[in-house]
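First comes the structure, then the notes that go with it.
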Amino acid sequence: MGGGRGMTDDSPHILSEQAADRGGAGDAGGADESTAGDEAFHAFWADVVADEIEARDPEDPIVIKGGVSPSGVAHVGNVNEVMRGYFVAEVLRERGHEVRQVFTSDDKDPLRKVPRKLANADGEIVGLGDVDAGALGRNLGKPYTAIPDPFGERESYAAHFAALLRADAERLDVPIEMVSNTELYAEGSFDDAVRTVLSDLDGVREVLGKYQDKVDDEYVPFNPVCAECGKVTETVVSVDVETETIEYVCTDMDVGGDTIEGCGHEGTATFRDGKLPWRLEWPAQWQVLGVDFEPFGKDHAEGSWPSGVDLARNVFGIDPPVPMVYEWFTLGGEALSSSAGNVVTVPELLEVLEPEVVRYFFALHPKKARDLDIERIDQLVDRFDRFERAYFGEVDDEELTRFAERAYPFVVGGHQPDSGGTEPRPVDEVREERVRLPYTFAAVLGMVEDPAFREQLARDEGHFEEDTPEWAVEEALKRVEKARTWAERTNNEYDYRLQTDLPDAEFDDDVAAALDDLADFVAEGHDGEAIQGEMYETAREHGIEVADFFAAGYRLFFDETQGPRLGEFLGELEREYVVARLRREA
RNA sequence: GGGCCGGUAGCUCAGUUAGGGAGAGCGUCCGGCUUUUAACCGGACGGUCGGGGGUUCGAAUCCCUCCCGGCCCGCCA
């Protein structure tokens, strides 16, 4: 049955082991798989995962699932779940499979505490003061789907959050199907699973008890929703499988030190008026949705995964999906935390990065703990650019090229979801003519606003050839806005802005005289190179330090003490403007 | 305390499948671009591959052990 390594090894860390323990031990019994065999080496981890999935002969459509709990903010951490599944989905589609990527929203879970921060529909993080916070506080203990949207836009808080996540996925061009847990219960999809669990309470307790100490002979793994107050309750009095009803009392609930008060109501719930606890709900989802593969964070690896596997086999009678644990990444060296303010949302990230760069970040090996550092986002972009060049055979690096050849098409392309996922949306041949301005250079271009000027500077620097197609120039220059935003956000050394108005500054007489001389020189009509040289000349003639003279120039044009290569920069600007500014006239 | 996963240059990372040269980019330093001014070019510096032990002719890679970090082993998800 279990097939593959499943019989003897249920570790979810399939990307750490890769065939390491194959063959060697030769466990008793002929459970030895031959279908999976020793797969060929893969430079892209998603191929390794896809091999595991194919080895189980899944039926199409193959179902890849992710899951998310509605919380205050949908942030890049959630993207892990989206993108990891996406790359595996794409590989399987390329191999001819039909694939569904579904995402369950655990929205029947109760709100346990009021989040400190929320994200609005545009992905902007806001404090509770900006919304109807009372709508949250008054509804502690109720399912997310029963709580009003604090922004007053959607039918519930859960719907608001789900919409955020779906929007983020779309921004990254990943089509996902959102599935509401609440709806699954309401429409009866979980009926069989609940019946299975409640019909075999002893069996469930025996299995679950191996993983959770609190499971005793009284434990009933079902949480009814109180018909009176609407809160998720924990105290089940009796179960009648025949009539499919559960008697309960709405008692107080402990949530990490705090108590959510129950209303004391004694009532009767159906299978659809409540929920399974997470440990059981997860494998129940596998059954209901026919899940073949699920990536999840390291927090699930040692807790709910082993128990989920056991429950799947011995309670629900199904094979668990192929698992994949991914490492968490840090943001600026610190753990992501919306309450601590250390988060970035997808829309925010896309203001400084092209979507393909974000996708690239998640195409890197999932088992490595990585840091996403906005301050040095240029490094990530440089790596992407190199990765892209490697795909086009422009980098002398065998390893990188092998990875790029496999992963790049999925990073920039993918398969058309509209066609059932089998129609390729490949790398357009003309993409080879694309131009990527180095990110920090793009930041330099961001110091000026005029698009024509930006293009001219890039041409002068040799980034565009005579025959560079117009679309390539256009796309390359789009990065300038990203880099500009980055410079402003991080307030870094590229955050200069050509000053429209004359900055307020005083200069020594000799510096002022030198500026006047330079103005005369510029007025005569010289190119940037000549101006650059003249600056040294002028400084020497007036007996002032070159550094001081440049500083004066930076002050006039950028209101800063430093900046880009000034002479060549001025050579590109409108002459009258430069002359007037050097004379401190305008 | 136990288990799992990570630990390669200042930074970001590749290399571990099949043991044999320790690498890339960025940064730094030096030099070039007609005379320091963050864009371009060249070069150099830079690592006990977390430590130690073992197997081997040979170990970043395999084995053992220890250290550090994260996660799990209560609830919840």
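Residue numbers begin at 1 in each chain, while the letters A, B, ... track the order of the sequences. Because the structure is predicted, anything quoted here is derived from the model rather than measured.
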Atom CZ of A:Phe403 and atom P of B:A14 are separated, to the nearest Å, by 9 Å

Value in whole Å for how far the C1' atom of B:U12 lies from CZ of A:Phe384: 16 Å

5'-most contact on RNA chain B: A:Pro277 or A:Arg389, nearest heavy atom basis? A:Arg389

For B:C11, the Watson-Crick or wobble counterpart (both distances under 3.5 Å): B:G25

Is there a side-chain polar atom (N or O) of A:Lys214 under 4.0 Å from OP1 or OP2 of B:C76? no

I need the CG-P distance between A:Asp213 and B:C75, as an integer number of Å. 7 Å

Are any of A:Lys368's side-chain N or O atoms less than 4.0 Å away from OP1 or OP2 of B:U8? no

How are the rings of A:Tyr496 and A:Phe558 set relative to one another: parallel (under 30°), tilted (30 to 60°) or perpendicular (over 60°)? tilted

Taking the same atom, P, in B:G6 and in B:C63, what whole-Å distance lies between them? 12 Å

Identified pairing partner of B:A18, criterion: Watson-Crick or G-U wobble below 3.5 Å: none

Mind checking who B:C40 pairs with, Watson-Crick or G-U wobble, both distances under 3.5 Å? B:G32

Please figure out whether A:Glu234 or A:Lys367 has its closest RNA chain B nucleotide nearer the 5' end. A:Lys367

Ignoring hydrogens and angles, does a donor from either the side chain of A:Arg370 or the base of B:U12 sit under 3.5 Å from an acceptor on the other? no

When rounded to whole Å, the NZ to C1' distance for the pair A:Lys210 and B:G3 reads 17 Å

Taking atom C1' in both B:G47 and B:U28, compute the distance separating them and give it to the nearest angstrom. 16 Å

Check the orientation of A:Tyr157 and A:His160. Use parallel for under 30°, tilted for 30 to 60°, and perpendicular for over 60°. parallel

Does B:C76 have its OP1 or OP2 closer than 4.0 Å to a side-chain nitrogen or oxygen of A:Gln212? yes

Can you check whether A:Phe403 and A:Tyr391 have ring centres sitting under 6.0 Å from each other? no

For the pair A:Tyr185 and A:Phe190, name the ring-plane relationship: parallel under 30°, tilted 30 to 60°, perpendicular over 60°. tilted

For A:Phe392 together with A:Tyr408, are the ring centres under 6.0 Å from each other? yes

Between atom CD in A:Glu327 and atom P in B:C4, what is the gap in whole Å? 15 Å

Could you tell me the separation between the CG atom of A:Leu400 and the P atom of B:A24, rounded to a whole number of Å? 13 Å

